[in-house]
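Shown next, in structure tokens, is the structure this report addresses.
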Amino acid sequence: MAKNVLIVGGGLSGTIVANGLCRQLGNEMRNNEVSITMLGATDTHMYQPGLLYLPFGRIRESELFRDQRKVLDRRVPYHIDPAKQIDVEGNQVVTESGKTYSYDYLVIATGSRIRPENVPGMEEGAHWFYDLEGARKMRDALEAFEGGKIVVNVNAPHKCPVAPLEITFMLHDYLSGRGLMDKTEITYTYPIGRLHALEPVAMWTQPEFDKYGIKYETFFNTKEVDPAAKTISSEEEVTLPYDLLVTIPPHSGAQVIEDSDLGAGGWVPTGRESLLREGSENVFVVGDTTNIPISKAGSTAHFEADTIIDNIASLCTEGRWARNYDGKVFCFIETGMSTGTYVWFNYTTPPNPGPPSQMLHWFKLAYNRMYWLSARGLL
Ligand SMILES: Cc1cc2nc3c(=O)[nH]c(=O)nc-3n(C[C@H](O)[C@H](O)[C@H](O)COP(=O)(O)OP(=O)(O)OC[C@H]3O[C@@H](n4cnc5c(N)ncnc54)[C@H](O)[C@@H]3O)c2cc1C
């Protein structure tokens, strides 16, 4: 019996899984022993990490997008027909158009989305760079900015755990370059009692912020934004005035996850090593949509995808499990417009950011350019 692999979600992790399986299962696909199908929501694939550079005019919008079918191996049929109900008991997915796709192995790769509407006043009063429209507006606001109070407000959960640090360092450097830092104050807020969820990263960040005179407010869980008064307040009853508010909005998972009762908030309960949905033996979960308490990042998605490729290929051909995910994550961190550092860690090794350098910034830029090779599974 031919095995059907169904992938829901054509972003970074779903695409890496599809392309990697094609590489490993080429013979089986040729012999009609394995088929791979993908369901997606749009015909374009967005290179999300590039959004960090858009507000500073450091990337063109056209560099952010590719035709999803061109990024995907041509042996994988791609249907722009979003999943509406995922039935893990019946091994099938019903789409928005009413079609039903059955599977032997399912890969849920539906990612995460920003929810500024969940905080009163945030949509009206804040800027963000986590989607195209937001990054465009932030670019305009930055161009018009002539000095004043900037609040960088971080809400959880969110993807790319280092992006809030990066935007803060980049704002400082960009405004210094425009001669505006002597009349600008930057305050960074974070919901827990330190500057980053990962303690070593928090410890590294504090002296870096102190060096640049960046202020911070910890234990700041956003309650509301008042766009008229230009203030942001926390549950802890701290109110900060702002001239420019840059927020990392809270995120949730995809609607279909909640609609299918697969996880509160759209986060699917997932085995941290197996990457199997809890309670399923043929449903893998990859990327932002897992509930595993590690960074929601492209590199996490990539390393998880590699593990899932090995396991599905091994299960299809030999009926056996190949290997577990070790929690590996690797992220470059921009520490200004021309310096950077990096962190890597896994379930047993904590992160250890080193001193920033120009070379590491260039490595990040080179790595950015290789995103499309990553998505194709060539890196
Ligand atoms: C500003 C910014 C900077 C970032 N910087 C970095 C960085 O430097 N390094 C790093 O490692 N990561 C970075 N990331 C994070 C990284 O982009 C994400 O973690 C990564 O894309 C997650 O991959 P994913 O496949 O889980 O989700 P996505 O790539 O978001 O893909 C999810 C896909 O599922 C589709 N989908 C949703 N619902 C359905 C449905 N019902 N049916 C079918 N399809 C559906 C969506 O349309 C989407 O195509 C950054 C993100 C942002 C926004």
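First listed ligand is number 1; within each ligand, the first listed atom is number 1.
Using a 4.0 Å cut-off to heavy atoms of Gly287, the atoms of ligand 1 that qualify are 26 (O). Close approach of ligand 1 to Ala41 (heavy-atom distance below 4.0 Å) involves ligand atoms 44 (N), 47 (O). Taking a cut-off of under 4.0 Å to the non-hydrogen atoms of Gly40, the atoms of ligand 1 that pass are 43 (C), 44 (N). Distances below 4.0 Å separate heavy atoms of Ala109 from the following atoms of ligand 1: 32 (C), 33 (C), 34 (O). Below 4.0 Å from some heavy atom of Val256 lie the following atoms of ligand 1, by number and element: 41 (N). The ligand atoms of ligand 1 that sit less than 4.0 angstrom from a heavy atom of Ser13 are 24 (P), 25 (O), 26 (O). Taking every heavy atom of Phe129 and a limit of under 4.0 angstrom, the matching atoms of ligand 1 come to 1 (C).
Of the protein's non-hydrogen atoms, Leu12 N, 3.1 Å is the one closest to atom 29 (O) of ligand 1. Among protein heavy atoms, the minimum distance from atom 3 (C) of ligand 1 is reached at Pro49 CA, 3.5 Å. Closest to atom 19 (O) of ligand 1, if we only count protein heavy atoms, is Asp288 OD1, 2.9 Å. With respect to atom 49 (O) of ligand 1, the closest heavy atom belonging to the protein is Gly11 N, 3.5 Å. For atom 27 (O) of ligand 1, the closest non-hydrogen atom of the protein is Gly111 CA, 3.4 Å. Looking only at heavy atoms of the protein, atom 12 (N) of ligand 1 is closest to Gly298 N, 2.8 Å. Looking only at heavy atoms of the protein, atom 9 (N) of ligand 1 is closest to Cys160 SG, 4.3 Å. For atom 44 (N) of ligand 1, the closest heavy atom belonging to the protein is Gly9 CA, 3.6 Å.
Atom 46 (C) of ligand 1 lies below 4.0 Å from none of the non-hydrogen atoms of the protein.
Taking 4.5 Å as the limit, some side-chain heavy atom of Val154 sits within range of a side-chain heavy atom of His158. Met138 places none of its side-chain heavy atoms less than 4.5 Å from the side chain of Trp128.
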- Message: As a quick check of understanding, evaluate side-chain contact (heavy atoms from CB on, under 4.5 Å) for Asp81 and Glu96, giving each step before the final call.
- Response: CA-CA 6 Å; Asp81 190 6; Glu96 298 278 357; 3.9 Å; yes

- Message: Under the criterion side-chain contact (heavy atoms from CB on, under 4.5 Å), I'd like the reasoning laid out for Leu315 against Trp321: C-alpha separation, chi angles, the key distance, then a yes or no.
- Response: CA-CA 6 Å; Leu315 286 165; Trp321 190 254; 4.2 Å; yes

- Task: Go through the steps for Gln206 and Arg194 under the test side-chain hydrogen bond (donor to acceptor under 3.5 Å, both in side chains), then give the verdict.
- Result: CA-CA 9 Å; Gln206 193 162 331; Arg194 54 179 188 250; over 6 Å; no

- Message: I'd like to know whether His45 forms a side-chain contact (heavy atoms from CB on, under 4.5 Å) with Phe65, so could you lay out the CA-CA distance, the side-chain angles of the two residues, the decisive distance to 0.1 Å, and finally the verdict.
- Response: CA-CA 6 Å; His45 186 126; Phe65 294 98; over 6 Å; no

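Heavy atoms of Leu39 found under 4.0 angstrom from ligand 1 belong exclusively to the backbone. Counting heavy atoms under 4.0 Å from ligand 1, residue Pro82 touches it through both backbone and side chain. Of all the heavy atoms of Lys296, the ones lying under 4.0 Å from any atom of ligand 1 belong exclusively to the backbone.
Proximity of a side-chain donor or acceptor of Glu278 to a complementary backbone N or O of Pro269 within less than 3.5 Å is not detected. The backbone N or O of Thr231 sits nowhere less than 3.5 Å from a side-chain atom of Asp226 that would complete a donor-acceptor pair. Side-chain atoms of Asp173 come within 3.5 Å of backbone N or O of Met337 as a donor-acceptor pair.
Interatomic distance, Leu142 CG to Tyr174 OH, rounded to the nearest 0.5 Å: 5.0 Å. For the atom pair Cys316 SG and Ile36 CD1, the distance stands at 8.0 Å (nearest 0.5 Å). Annotation: the span from Arg272 atom CZ to Tyr347 atom OH amounts to 5.0 Å, rounded to 0.5 Å. The NZ atom of Lys70 sits 12.5 Å away from the OG1 atom of Thr44 when rounded to the nearest 0.5 Å. Here the straight-line distance linking atom CG of Leu6 with atom CG of Leu106 works out to 5.5 Å at 0.5 Å rounding.
If you check each of Met46, Glu166, Met38, Gln48 against atom 30 (O) of ligand 1, the one with the closest non-hydrogen atom is Gln48.
At least one N/O-N/O distance between Ala83 and ligand 1 falls below 3.5 Å. In terms of N/O distances under 3.5 Å, ligand 1 is approached by Ser299.
The closest approach between a heavy atom of Lys364 and any atom of ligand 1 is below 4.0 Å.
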